[in-house]
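Take a look at the structure set out below.
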Amino acid sequence: MKKIIIAIDGFSSCGKSTMAKNLAHEIGYIYVDTGAMYRSVTLFALRNGLFDSEGKVNTDKLRDRMKDIHISFILNHETGRPETYLNNENVEQEIRTMEVSQHVSLIAAIPFVRQALVAQQQQMGREKGLVMDGRDIGTVVFPQAELKIFVTATAEVRAQRRFDELRDKGIPADYDTILQNVKERDYIDSHRSVSPLCKAADAIELDNSHLSIAEQQQWLMKQYKKAVE
Ligand SMILES: Nc1ncnc2c1ncn2[C@@H]1O[C@H](COP(=O)(O)OP(=O)(O)O)[C@@H](O)[C@H]1O
Ligand SMILES: Nc1ccn([C@@H]2O[C@H](COP(=O)(O)OP(=O)(O)O)[C@@H](O)[C@H]2O)c(=O)n1
């Protein structure tokens, strides 16, 4: 069967990674979580004092340090899912903290950061057979992707999902703080000057506010089958 590129974009915490990861697992494709890459650069910047006391990024210093940031994905054989590594350290958990979530959209708006990460993402798709999720996959990274999905859900539903996830992992979280963060990131991601979050003209939209994980998975599998027919 022909191999294709599947681009899944959409708003924060709506289930993109869940859909992308499960589909890739089922059809034997590589899965790439591009949000994890922006989160890894953010973690590096936080650890290396590249934000000032007002929360602004020192872009000159970050530009100099980009060469020291190496991001990779390594399969966890127990879960069958890839995990994120920053300079050979497993940071899969650490990149999901509220602190990283509260800084990541500023980092993702910087043109040289996007340029570097987009180049790596395009490299990963050279052989096709790839499911990639993010904000600009169908518009900028792979505008020629054979299947493009744009996922939405209400901000309240998305904040609740993220809250439940953090609670289940034992990470302290507050619903109102998460809701505020989700809305803030939606705003910054949709209004930045470089590659703002928007639906590609040829993307299929899915509002999954009232769908279960199993239902959205069935829907996605149908779209995949149509695309490879
Ligand atoms: N349809 C759904 N119904 C309920 N929870 C969902 C659904 N889809 C995903 N989730 C859960 O919502 C949380 C956020 O999903 P995730 O895939 O990380 O979103 P995104 O990649 O868009 O940020 C996860 O805990 C996931 O298990
Ligand atoms: N392709 C991408 C992926 C993520 N991002 C940025 O990275 C942040 C984190 O992405 P994510 O997918 O991990 O976020 P969640 O939806 O999982 O909360 C987003 O809010 C965007 O600012 C981006 O700009 N472009």
Side-chain angles (χ1 to χ4, degrees), residues 7-24 31-43 45 57 71 81 84 91-92 94-111 113-122 124-125 131-142 145 149-169 171 173 178-179 181-198 200 206-220:
I8 302 189
D9 289 305
F11 293 99
S12 153
S13 314
C14 56
K16 303 179 300 297
S17 317
T18 306
M19 294 172 70
K21 226 181 271 184
N22 288 346
L23 178 68
Y31 162 62
V32 177
D33 173 356
T34 61
M37 299 173 75
Y38 291 95
R39 286 174 177 274
S40 297
V41 175
T42 306
L43 180 62
V57 191
I71 302 161
R81 305 284 196 260
T84 314
V91 291
E92 186 57 36
E94 220 178 323
I95 56 171
R96 314 282 167 197
T97 60
M98 273 312 286
E99 197 188 12
V100 172
S101 296
Q102 281 163 343
H103 291 84
V104 63
S105 288
L106 295 177
I107 292 284
I110 301 172
V113 172
R114 300 204 71 82
Q115 216 174 15
L117 298 191
V118 167
Q120 289 175 32
Q121 291 154 10
Q122 289 173 333
M124 294 170 188
V131 188
M132 188 174 269
D133 83 298
R135 303 291 186 286
D136 59 341
I137 312 308
T139 50
V140 174
V141 183
F142 294 116
I149 309 292
F150 191 83
V151 195
T152 65
T154 66
E156 287 72 20
V157 163
R158 293 185 279 129
Q160 188 64 47
R161 288 177 183 169
R162 192 39 52 86
F163 175 77
D164 292 345
E165 175 187 329
L166 292 173
R167 188 202 48 209
D168 291 350
K169 285 183 182 163
I171 300 172
I178 294 175
L179 179 60
N181 176 251
V182 158
K183 288 182 175 171
E184 249 169 41
R185 280 198 289 137
D186 286 354
Y187 185 84
I188 302 175
D189 293 346
S190 313
H191 290 83
R192 66 184 175 219
S193 54
V194 199
S195 316
L197 166 65
C198 66
L206 173 71
D207 181 339
N208 70 358
S209 302
H210 304 292
L211 292 187
S212 68
I213 291 180
E215 286 168 337
Q216 74 198 16
Q217 224 49 50
Q218 275 174 5
W219 178 89
L220 183 58

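For reference, positions follow the sequence shown, starting with 1. Atom set for the values below is all heavy atoms of this structure, side chains included, hydrogens, waters and symmetry mates excluded. Counting starts at 1 for both ligands and their atoms, following the listed order. Keep in mind that this is a model prediction, so the values were computed, not measured.
By the salt bridge (Lys or Arg N to Asp or Glu O under 4.0 Å) test, D9 pairs with no residue at all, sequence neighbours left out. With sequence neighbours excluded, the residues satisfying salt bridge (Lys or Arg N to Asp or Glu O under 4.0 Å) with R158 are D186.
For Q115, the CD atom is loosely surrounded, since the number of other residues' heavy atoms within 6.0 Å does not exceed 12.
Under a 4.0 Å N-O distance rule, the pair R135/D33 does not qualify as a salt bridge. The pair E165-R161 fails the salt-bridge criterion, with no side-chain N (NZ, NE, NH1 or NH2) lying under 4.0 Å from an Asp/Glu carboxylate O.
Using a distance-only test at 3.5 Å, with no hydrogens or angles considered, a donor-acceptor pair links the side chain of N208 to the main chain of C14.
Protein residues are said to neighbour a ligand when one of their heavy atoms lies under 4.0 Å from it; for ligand 2 these are S12, S13, K16, T34, G35, Y38, R39, V104, S105, A108, R114, G134, R135, D136, I137, R162, R185, D189, R192. Listed by chain and number, residues touching ligand 1 at under 4.0 Å (heavy atoms only) are F11, S13, C14, G15, K16, S17, T18, D133, R161, R162, E165, L211, S212, I213, Q216.
Partner of L117 under the side-chain contact (heavy atoms from CB on, under 4.5 Å) criterion, chosen from I71, V141, T34: I71.
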- Could you check R185 against S12 for side-chain hydrogen bond (donor to acceptor under 3.5 Å, both in side chains), going step by step and ending with a plain yes or no? CA-CA 7 Å; R185 280 198 289 137; S12 153; 3.0 Å; yes
- Message: Go through it in stages, so that I can follow the logic: the residues are T84 and R96, the test is side-chain contact (heavy atoms from CB on, under 4.5 Å), and I'd like the CA-CA distance, side-chain angles, deciding distance and then a yes or no.
- Response: CA-CA 11 Å; T84 314; R96 314 282 167 197; 4.3 Å; yes
